[in-house]
Each structure stands twice: as structure tokens, then as C-alpha cells.
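Throughout, a chain's letter reflects where its sequence line sits, starting with A, and its residues are numbered from 1.
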Number of protein chains: 2
Amino acid sequence: MAEDAELIRYADMLAAMGTEPRLRIVRLLLSAHPAGMVVGEIGEELGIPNSTLSHHLDKLKNENLVTVKREGVFLRYMANNEALQELLAFLYAECCTRNRVVEPKKVTCCGKERS
Amino acid sequence: MAEDAELIRYADMLAAMGTEPRLRIVRLLLSAHPAGMVVGEIGEELGIPNSTLSHHLDKLKNENLVTVKREGVFLRYMANNEALQELLAFLYAECCTRNRVVEPKKVTCCGKERS
DNA sequence: TCTGTATTTCTACATATATGGAAATATACG
DNA sequence: CGTATATTTCCATATATGTAGAAATACAGA
């Protein structure tokens, strides 16, 4: 069923972000949104070698978490807000709406808060 | 710094959920919250062999996404709302608060919605 | 203590992943 | 066309991961 495909897609997205360098990349692109960043800038900022970075960006692109556009010699990567929104909405729904496991306020308010 | 440790922890949590069987397990435990479920029930519901399931539960437990308590011969697993809250709050903050990449409403309202 | 049931650990293996140096490709520009 | 720069692809390799059958362990109850 389509349910399955959707769940697998979300699992793949989570896996794509489930690595230190890639979570760092996503976070960096979020902070640079909507301008995005060129591969070289990302690599320099995070200290990741060319080929390694290319692999990580490829994975993020495959899971649709980032988009690319060419600018002459450069490739500019941007966080894909649509995909991130879908993933967040899925998690929020599972945790806060469908099942009242996590209090909505604790997610949307203030970032960090106790108990 | 502590920042790093935190990011790595979130990456590990994402990785723990970044697999079809484990995302299914988490989702199942969320729907069974707060009662939780016994290992046998989970395995039967999802059709996962004993030893495989045990490894997956172990991983989720290591990342603190689930908690266990013994009930005689049975082990009862429960979704850990605190950890899930922290992860969701982190993602929400990154996407919606620190950077206005995803509109808050699109996450918290109605689950699925267009554009 | 013996027995039965639940769950884990042991063991094995195939596959996937992360990493990065070196070579190849793509684009711009003179 | 030749050169320079950005990025990818090729290649290799180490490590991690997912899977699961079979044996071991943990607990309860007779």
C-alpha cells in the first residue's frame, strides 16, 4: 500500500539526516536559507573533503532534503523546505496529534524547557 | 563542546528511527502509549523474528527512544516521550524558529496540507 | 528442582555506509 | 583552443548494519 511507501520514505529521510556530517550540512543550509550555499563554502565551513562532501550531498539530494541549481562553475545547494515540512508534520502528527505522547507546547515553545 | 555532543546525539536518534522496521516499532509503541507493548506482541504485530527484533529494540533503547520494564517473564517496551520531545523540539527549532524555513502552521495543523 | 515460555546472546554473513585520494568532467574565460 | 577552477566520479577500504537460526539465559509456576 501507499502507507508503506510513505513510511519507508520518511525512514530514508531520517536516515539521511542520521549522521553527524549530514545533520550539520542540513543545519548549515537551514541557517543559510533561502540563499543556500555553494559546495565549496559548505566544505570549507565544515571542514569536509571534496569527495566525501559530494557523497553526503548526493545522499541528501536523493532523499529530496536539499535541492541544487547550477550557477556557472558553482553548484548551489538549498534546504528543501517542502520535504522538511512533510517530515516534521509526520513526526508531529505521530507524537502529538494521533497519539498524545508529547505535549504540543513542549515542541513549539521555547525550544528547551524542563519536565 | 557540548553543542557537538548534542548534535551527535540527535543524529544518532534520527539514525535509530531511520530504518523501516524501527520506525514501524516506534510508531506502534506511540499508538500503544502509555501502556506500551511486550516484545512478543510487537514481534507478532510486525512479523519480525525474535533475534532481529531484539537487536532493533536494543538500538532504540540505546538511543533512549524507548524504555523497558520487566513484568515477570515479559519485557514491556514503551515510547520515551521525553526523548521524542527533545528531538522534535530540536527539529522544530531548527526549521521553524531559528530559521523561518518551514511555516509553523504547516507542521502543527492538520497533518497534511498543500503548498 | 524440573518444565515451559519469553527474550536475549551467540554466531554468521551479506550488504550498506562512510571516508577520502586521485583522476575525470564541467563550465567559464581569455 | 588552452587554462583554471569547481565539483563529481572512480577506486579502494574499513567499518557498521540488518538479518536471522540456534543456543543460552531468565523467570514463573508446579
Which atom of A/Leu14 lies closest to which atom of B/Gly18, heavy atoms considered: CB-CA, 3.8 Å

Side chains of residues 26-44 of chain B: which donor-acceptor pairs under 3.5 Å do they make with residues two or more places apart or in other chains?
residue: B/Ser31; atom: OG; partner: B/Leu28; partner atom: O; Å: 2.8
residue: B/Glu41; atom: OE1; partner: B/Val38; partner atom: N; Å: 3.0

Polar atom pairs (N or O), protein with nucleotides 8-11 of chain D, under 3.5 Å:
residue: D/dT8; atom: OP1; partner: A/Tyr77; partner atom: OH; Å: 2.9
residue: D/dT8; atom: OP2; partner: A/Ser54; partner atom: OG; Å: 3.0
residue: D/dT8; atom: O5'; partner: A/Ser54; partner atom: OG; Å: 3.3

Could you tell me the separation between the [atom1] atom of [X] and the [atom2] atom of [N], rounded to a whole number of Å?
| X | N | atom1 | atom2 | result |
| --- | --- | --- | --- | --- |
| A/Ile48 | D/dT7 | CD1 | P | 14 Å |
| A/Ile42 | D/dA6 | CD1 | C1' | 13 Å |
| B/Leu60 | D/dT17 | CG | P | 13 Å |

Taking side-chain hydrogen bond (donor to acceptor under 3.5 Å, both in side chains) as the test, write out the residues that go with [X], two or more places apart.
| X | value |
| --- | --- |
| B/Arg76 | B/Glu71 |
| A/Glu94 | A/Arg98 |
| A/Glu86 | A/Arg9 |

Boundaries of the chain B footprint along DNA chain C (any atom under 4.0 Å from a heavy atom):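 On DNA chain C, the outermost contacted nucleotides are C/dT5 to C/dC10.
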
Sorted by number, the residues of residues 14-36 of chain A with heavy-atom contact under 4.0 Å to DNA chain D: none

Residue mapping more 5' on DNA chain C - nearest nucleotide basis, A/Val73 or A/His56: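 Comparing both residues, the 5'-ward one is A/His56.
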
For A/Pro49, side-chain contact (heavy atoms from CB on, under 4.5 Å) partners two or more places apart: A/Thr52

Any residue meeting side-chain contact (heavy atoms from CB on, under 4.5 Å) with B/Thr67, in chain and number order, not counting sequence neighbours: B/Met78, B/Asn80

Those residues that, when tested against B/Glu45, pass salt bridge (charged side-chain N to carboxylate O under 4.0 Å, His left out) (two or more places apart):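 Counting only residues at least two positions away or on another chain, B/Glu45 forms no salt bridge (charged side-chain N to carboxylate O under 4.0 Å, His left out).
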
Pairs meeting criterion salt bridge (Lys or Arg N to Asp or Glu O under 4.0 Å) with involvement of residues 48-58 of chain B, two or more places apart: B/Asp58-B/Lys61

Contact list for residues 15-24 of chain B, test salt bridge (Lys or Arg N to Asp or Glu O under 4.0 Å), sequence neighbours left out: A/Asp4-B/Arg24, B/Glu20-B/Arg24

